[in-house]
Amino acid sequence: MTDPKKYGFTTTILHSDRQKPIEHGALHKPIHTSVAFGYRDARELAAVFQGKQPGYRYGRQGNPTVSALEDKLTKMEDGLGTLCFSTGMAAIAAVMQGLLRAGDHVVSSAFLFGNTNSLWQTVAGQGVDVSFVDATDVNAVEAALTPATRVVFVETIANPRTQIADLKRIGELCARHGLLYIVDNTMTSPYLFRPKSVGAGLVVNALTKSIGGHGNALGGSLTDTGLFDWGAYPNIFDNYKRAAINQWGLAQLRAKALRDFGGSLGPEAAHHLAVGAETMALRLERECSNALAVARMLEADERVAAVHYPGLPSHPQHALATDLFRAYGSLFSFELRADVDCFDYLNRLKLAIPASNLGDTRTLVIPVAHTIFYEMGAQRRASMGIAESLIRVSIGIEDTADLVEDFRQALAPR
Ligand SMILES: *Cc1c(COP(=O)(O)O)cnc(C)c1O
């Protein structure tokens with residue numbers, strides 16, 4: 001009854017748990033806290049371990065509550081299958097742990113979430129070469145390719161400066177070269193954008209953000225869109241080549257990344273994230289219109305030096321965002337004029353909370369250079385377009401007029 005081709009986004013997500021039999025008719029998938037799964041017949045246990053029969057082995061590799069969330073995410077992204085992890089970073093790390101070997105090369109957008117940037121630096125010290133490029137320009141991506149390139153990694157709208165990767169052209173480039181194209185969809189979410197539509201092979205979502213949406217649970221996911229030809233990928237171990245070719249990637253990621261490294265999502269967190277996901281579309285509609293209203297007000301004020309939001313016609317990739325995304329997202333960043341101190345400004349806000357998260361129902365603000373991008377130093381910040389006074393705003397679902405007034409009144413008296 002919930003064919004994603006037939007029903008809308010929210011209808012599909014709300015009713016997805018009822019596609020498989022649910023204990024006692026519970027409307028929510030129950031929270032299964034059992035680590036082990038017992039079988040009456042020992043041969044059945046062996047068949048499950050050998051992959052000859054579906055079933056659960058041990059909580060680190062799979063859990064029924066987590067599987068229900070994985071099915072929801074697969075529907076959201078119109079994919080082939082999904083693996084959940086304990087955090088968004090664990091999902092991104094799984095790419096490195098499960099799919100890359102020493103000597104491989106990765107081309108990554110230079111405009112990245114700070115911790116992903118830090119992760120790629122770690123990987124670079126472990127024998128995988130990473131090139132950081134301006135992903136708003138497909139030519140920069142193409143120029144960085146080498147015969148050892150395995151993966152091209154980009155974010156949709158970069159956190160926090162909102163540069164938008166040239167998603168479609170990079171997808172075409174990856175298809176021409178047979179490269180695995182990985183898109184971190186966290187900033188857009190599958191409601192605003194499906195990376196499958198531009199040729200992504202794997203989609204990353206930090207479930208912590210818009211999908212869970214309430215800042216009460218961490219989680220991450222990798223969705224295989226079914227577009228990538230794993231048969232041509234050189235790093236698949238023979239053990240994972242027993243299933244159909246389109247399952248090779250997920251099979252290896254489940255074993256080599258989830259099972260061996262153990263960044264598994266807990267069932268309680270999976271439940272919180274699944275409940276949050278039911279209202280994602282409603283929350284995002286409000287958040288995107290709130291973000292546009294506040295960004296417009298700030299841009300019109302002379303005490304503000306710059307506003308970075310793809311919904312503003314002044315944004316360099318505004319036309320691209322309009323073409324690709326349903327709306328422009330819940331996050332923007334802005335720079336105050338030099339004579340307005342960014343800490344004083346933040347302290348004058350009455351509603352927006354200084355805190356490091358995004359996609360929450362509450363509006364959160366953070367001085368980027370002094371917190372989440374502090375460790376990397378001024379030089380690297382400058383290369384990523386991060387001004388020292390940059391404030392990142394994650395807009396919540398508060399009433400629009402209240403937010404516009406809060407951000408306006410905090411601008412110092414004229
Ligand atoms: C937050 C975030 C992550 C990491 O997610 P966590 O759940 O915090 O580990 C990855 N990518 C982007 C774009 C993010 O905003």
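Each ligand, and each atom within it, is numbered from 1 in the order the structure gives. Values below: all heavy atoms of this structure, side chains included; hydrogens, waters and symmetry mates excluded.
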query: Parallel, tilted or perpendicular for Phe37 and Tyr56, by the 30°/60° rule?
result: tilted
field: Charged tip of Arg392 within 45° of Phe332 ring normal and under 6.0 Å
entry: no
field: Pair Tyr328 + His318: ring centers closer than 6.0 Å
entry: yes
- prompt: Is Lys209 close enough and on-axis enough to Phe113, meaning under 6.0 Å and within 45°, for cation-pi?
  reply: yes
message: Check the orientation of Phe237 and Tyr240. Use parallel for under 30°, tilted for 30 to 60°, and perpendicular for over 60°.
response: perpendicular
Pi-cation contact, Phe132 with Arg380 (under 6.0 Å, within 45°): yes
- request: For ligand 1, list the protein residues that place a heavy atom within a distance below 4.0 Å of one of its atoms, sorted by chain and number.
  value: Thr87, Gly88, Met89, Ile92, Phe113, Glu155, Asn159, Asp184, Thr186, Ala206, Thr208, Lys209, Gly219
